[in-house]
Amino acid sequence: MPSRDPLVELSQRFTAAIRAAFPDAPDADPLIAPCKNPEHGDFQSNAAMGLAKRLGLKPRDAALALVARVDAGDLIEPLTAASIAGPGFINIRLRPQALASMLAALDSPSLGIEPAQPPTTIVVDLMGVNLAKQMHVGHLRSPIIGDAIARTFERLGHTVVRQNHVGDWGLNIAMVTGRLMREIAQGRTRLETLTLDELDRAYVAAQAECQRDLAGLEAVRRFGLGPKAEAELGEQVAGATEAFTLARQTLINLQKKDPATYAVWQRIYQVTMQTCVDVCKTLAVNVTDEHTAGESTYADELAPMVQDVLDRGIAVHDQGAVIIRVDEPPAGPDGQPLWKPIKEPCIIRKTDGGFLYATTDVCAIRRRVQKLGGARLIYVIDARQNLHLRQVFAASIRAGYSIRKETGTPAHMEHAAFGAVLGEDGRPFKTRSGDTVRLADLLAETFGRAEQALKAAATQRGETLEDAEAREIARAVGIAALKYGDLSTDRTKDYLFSFDRMLAFEGNTGPYLLYAYVRTRSILRKAAERGMGEAWKAAPFSATEPAEKQLALALLRYPGAVAGVAEALEPHRLCQYLYDLAGAFSVFFDRCPVLAAEPGARDSRLRACALTARVLADGLGVLGIPTIERM
RNA sequence: GCGGGCGUAGCUCAAUUGGAUAGAGCAUCUGACUACGGAUCAGAAGGUUAGGGGUUCGAGUCCCUUCGCCCGCGCCA
């Protein structure tokens, strides 16, 4: 039985040929890849050049030796000296029969993606909202990229645990909680009707009133700006100091769960998380209450954790703080250092006895490995946090918290970093007035623009779109535009945000892919309307036209494309694949009539359309982009 | 100062991790149809891959160096 994936099948045959021809290099990679240029062939092996270098042969001789030993069977056309091109590329053509049977095999419920054996547990950190703060563009990339990565592993049959590491604890939260309690006491705010907007304002106000302008006071004194200025600033500092002291008291009350204080905090939590979960739902991001693991849930673990590492001599006192040094990594099983030396130590307790986010993050690693069973931890967090994460990873390895019981080795921890969101001027994305863009506004504008564009297109076709239907389709188009726009470029680079570009119906965009999908569905719908039955669903694939063959080859690359995303944690590979597939389908659509073809070709082409539709929908699903039937 | 990242067509991005003539889309120009959804397809033009040096059959990719931009750097999260 032929494999569904020609890459796998060809790799096996070439590996066997390498072992037979070059016993001294049995482990050499066959380096099978699809040909970029269809004129060269369907696939190519680039193994000969490497082998030649390694064994001191002429590349062409190595290629000849390989060509002579590859078992072509009924899979590929026989390889000859004429198959060798350039310095030693071996060009490969599939036999039509093999192509047809592989395609038929792909046309299964799994679409050629077999569940991982054995599945592993992967924890994905994919969001970090803060209590009492309005969500803004900065919160966009993590859930979009993180959810796509999570869905990829789920699709491959792994167990995924999503974690929303909510910033819901600490002095900043205590400040706003304290402020809110006073506002309530004064009758200026009501807990029952509290909104996130009010919370956001209270947060900013609380920050401001706790901000002691000591530097300003110093300057006033130094430059002798007069007793009045000094008195004003002195008053501010005194007020801020008082507010600060109050916030500290609130934090203490929170920590011991003083009922009045805790009730206000809970309400703040509720209002913030409701908005967060709503946004995720709107965006079709799979993050719900069950995925939230706020910093508050680690509060009781911090002090004992620090004590534990102190007791074991892993952490030390330094300049009044408690730190874990990470500049001398121990060697792992392979003799290599477990991480790259980091000069800056990981601080886990401040001089004043307070804890930091590093303290929480070390506890989070412990929970994710020891309790949640994570064999692999993926942090989808912006690139600026790289040093912090490396410190925390290293510290948790030293502390033994990330050592898996099953294997005795550290869980694999990765930072899937992403760049900043920039405006079209290349500066951080802001509103015209320079404020940060609220997520709610951004979504509204996306959906609004999508709806307008859809209506305009409908008018041009001479159709009218009902408001309700337009809105519904605009939602899907907007989500596709927003998510695909973000996912389709290398996540590590900064991302230039542009409504016009992401919402364009042409080019490598979400709407274009939805359109391609809609066209596949439209043909199938028409086939049903014209009573073409269901027999075509089992029709043999025949690829007589070049466009049919290119579509078939594109379809066969699907399992590899999904696997590639998992390997590199780079969803843009799947985007590129889907765009290629949509392009191959468009050419096919242009060249090969389906419904009007004679019955044999028609059935084969109908089946190709159906398979294309399923791969497009499945692939978009892996990216977290829902499809629609019409647009 | 130290550390990390980036620099590819006018613009926005790719390049299967060292492979064939560096590919797409947008914008520009030229063709194709009274259309299975033209929101399409075919073609043209556009490049010293920031500059220089090196490694080898072969470099956008690896090493060295210069320039430019972004980010981080023990008691914020």
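Below, chain A is the first sequence line, B the second, and so on; all start at residue 1.
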Quiz prompt | Sidechain N-carboxylate O distance under 4.0 Å for A:D486, A:R141 | solution = yes
Self-check item: Selected nucleotide, minimal atom distance to A:Y579 side chain, candidates B:C75, B:U40, B:A24
Solution: B:A24
Quiz item: Between B:G60 and B:A14, how far is it from one C1' atom to the other, in whole Å?
Solution: 12 Å
Quiz prompt | Nearest-angstrom distance, P atom, B:C26 to B:C41 | solution = 9 Å
Exercise. Look through every strand shown and name the nucleotide pairing with B:G18 as Watson-Crick or G-U wobble, where both distances are under 3.5 Å.
Key: none
Quiz item: The side chain of A:D494 lies closest to which of these nucleotides: B:C73, B:C70, B:G37?
Solution: B:C70
Exercise. Could you check whether A:A321 gets within reach of a base, just the sugar-phosphate, or nothing at all, counting any heavy atom under 4.0 Å?
Key: base
Quiz item: Counting any heavy atom closer than 4.0 Å, what does A:H572 reach on the DNA or RNA strands: base, sugar-phosphate only, or nothing?
Solution: sugar-phosphate
Quiz item: Using a cut-off of 4.0 Å on non-hydrogen atoms, how would the nucleic acid contact of A:P511 be classed: base, sugar-phosphate, or nothing?
Solution: nothing
Quiz item: When all nucleic acid strands are considered with a 4.0 Å heavy-atom cut-off, which category describes A:D490: base, sugar-phosphate, or nothing?
Solution: sugar-phosphate
Quiz item: Across the strands shown, which category fits A:C592 at heavy-atom distances under 4.0 angstrom: base, sugar-phosphate, nothing?
Solution: base
Quiz item: For atom C1', what is the distance between B:C11 and B:A27, given to the nearest Å?
Solution: 8 Å
Quiz item: Considering Watson-Crick and G-U wobble pairs with both distances under 3.5 Å, what does B:G47 pair with?
Solution: none
Quiz item: Can a donor-acceptor pair under 3.5 Å be found between the side-chain atoms of A:N91 and the base atoms of B:A20?
Solution: yes
Exercise. Under 4.0 Å between any heavy atoms, over every strand shown, what does A:V518 touch: base, sugar-phosphate, or nothing? Just pick one.
Key: base
Self-check item: Audit row: A:K526, A:E529, salt bridge (charged side-chain N to carboxylate O under 4.0 Å, His left out) steps and yes/no
Solution: CA-CA 5 Å; A:K526 286 214 160 60; A:E529 286 165 7; 5.5 Å; no
Practice problem: Counting heavy atoms from C-beta on, name the nucleotide in B:G72, B:U16, B:A20 closest to the side chain of A:L387. | Solution: B:G72
Quiz item: Is the gap between the ring centers of A:Y512 and A:Y579 under 6.0 Å?
Solution: yes
Quiz prompt | Charged N-O contact under 4.0 Å between A:E545 and A:R591 | solution = no
Practice problem: Name the closest nucleotide to the A:K343 side chain, picking from B:C36, B:G38, B:C2. | Solution: B:C2
Self-check item: Nucleotide forming a Watson-Crick or wobble pair with B:U61, both distances under 3.5 Å
Solution: none
Quiz item: What is the base-pairing partner of B:C73, counting Watson-Crick and G-U wobble geometry with both distances under 3.5 Å?
Solution: B:G1
Quiz item: Touch check for A:P593, heavy atoms < 4.0 angstrom, all strands: base, sugar-phosphate only, or nothing?
Solution: base
Quiz item: Looking for any heavy atom pair under 4.0 Å, which part of the strands does A:R630 touch: base, sugar-phosphate only, or nothing?
Solution: base
Quiz item: Which nucleotide sits closest to the side chain of A:N130: B:A20, B:A77, B:C70?
Solution: B:A77
Quiz prompt | A:R519 to A:F585 six-membered ring, cation-pi geometry met (6.0 Å, 45°) | solution = no
Self-check item: A:L496 side-chain proximity, nearest of B:U12, B:G37, B:A20
Solution: B:U12
Quiz prompt | Interatomic distance at P, B:G25 relative to B:G43, whole Å | solution = 10 Å
Quiz item: What distance, rounded to whole Å, do you find between the two C1' atoms, one in B:C69 and one in B:A24?
Solution: 26 Å
Quiz item: So what's B:G68 paired with, Watson-Crick or G-U wobble, going by both distances under 3.5 Å?
Solution: B:C6
Exercise. Inspect the contact between A:D603 and A:K537 and indicate whether a charged nitrogen and a carboxylate oxygen are less than 4.0 angstrom apart.
Key: no
Quiz prompt | Under 3.5 Å donor-acceptor pair, A:K53 side-chain atoms to B:G58 base atoms | solution = yes
Self-check item: Nucleotide of B:U16, B:C41, B:C75 approaching A:K36 most closely (side-chain heavy atoms)
Solution: B:U16
Self-check item: A:M502 CE to A:L496 CG distance, which is reported to the nearest 0.5 Å
Solution: 13.0 Å
Practice problem: Give a yes or no on whether a donor-acceptor pair under 3.5 Å exists between the nucleobase atoms of B:A20, that is its base, and the side chain of A:Q44. | Solution: yes
Practice problem: Give one of base, sugar-phosphate or nothing for A:T489, where a contact means two heavy atoms less than 4.0 Å apart. | Solution: sugar-phosphate
Practice problem: Identify whether any heavy atom of A:K58 sits under 4.0 Å from a base atom; if not, whether one sits that close to sugar-phosphate; answer base, sugar-phosphate or nothing. | Solution: nothing
Quiz prompt | N/O (side chain, A:K133) to phosphate O (OP1/OP2, B:A77) under 4.0 Å | solution = no
Quiz item: Is there ring stacking between A:F589 and B:U40, where the centres must be under 5.5 angstrom apart and the planes under 30 degrees?
Solution: no
Self-check item: Partner nucleotide of B:G37 by Watson-Crick or wobble geometry (both distances under 3.5 Å)
Solution: none
Quiz item: Using a cut-off of 4.0 Å on non-hydrogen atoms, how would the nucleic acid contact of A:F497 be classed: base, sugar-phosphate, or nothing?
Solution: nothing
Quiz item: Should the pair A:D382-A:R384 be classified as a salt bridge under the 4.0 Å nitrogen-to-oxygen rule?
Solution: yes
Quiz item: Which residue lies toward the 5' end of RNA chain B, A:Y515 or A:A568, if each is placed at its nearest nucleotide?
Solution: A:A568
Exercise. Just call it for A:D327: base, sugar-phosphate, or nothing, with non-hydrogen atoms closer than 4.0 Å on any strand.
Key: nothing
Quiz prompt | C1' spacing across the pair B:U49 / B:U21, given as an integer number of angstrom | solution = 15 Å
Quiz item: If you look at every strand shown and take non-hydrogen atoms under 4.0 Å, does A:V594 touch a base, only sugar-phosphate, or nothing?
Solution: base
Exercise. Determine the contact category for A:A596: base if any of its heavy atoms lies under 4.0 Å from a base atom, sugar-phosphate if only primed atoms, P, OP1 or OP2 are that close, otherwise nothing.
Key: nothing
Quiz item: Among B:U16, B:A20, B:A42, which is the nearest nucleotide to the side chain of A:V587?
Solution: B:A42
Practice problem: Please determine if a side-chain N or O atom of A:S586 lies less than 4.0 Å away from the OP1 or OP2 oxygen of B:C41. | Solution: yes
Quiz item: With respect to the side chain of A:Y512, which nucleotide from B:C76, B:U40, B:G74 is positioned closest?
Solution: B:U40
Quiz item: Would you call the rings of A:Y495 and A:F497 parallel, tilted or perpendicular if under 30° counts as parallel and over 60° as perpendicular?
Solution: perpendicular
Quiz item: Would you call A:E451 and A:K455 a salt bridge, using N to O less than 4.0 angstrom?
Solution: yes
Quiz item: Is there ring stacking between A:F89 and B:G19, where the centres must be under 5.5 angstrom apart and the planes under 30 degrees?
Solution: no
Exercise. Tell me whether the OP1 or OP2 atom of B:G38 has a side-chain N or O from A:R519 closer than 4.0 Å.
Key: yes
Quiz prompt | Separation between the C1' atoms of B:C62 and B:U56, rounded to whole Å | solution = 11 Å
Quiz item: Which one, B:A39, B:C75, B:C6, comes nearest to the side chain of A:K493?
Solution: B:C6
Practice problem: Could you tell me whether the phosphate oxygens of B:G3, OP1 or OP2, come under 4.0 Å of any side-chain nitrogen or oxygen in A:K340? | Solution: no
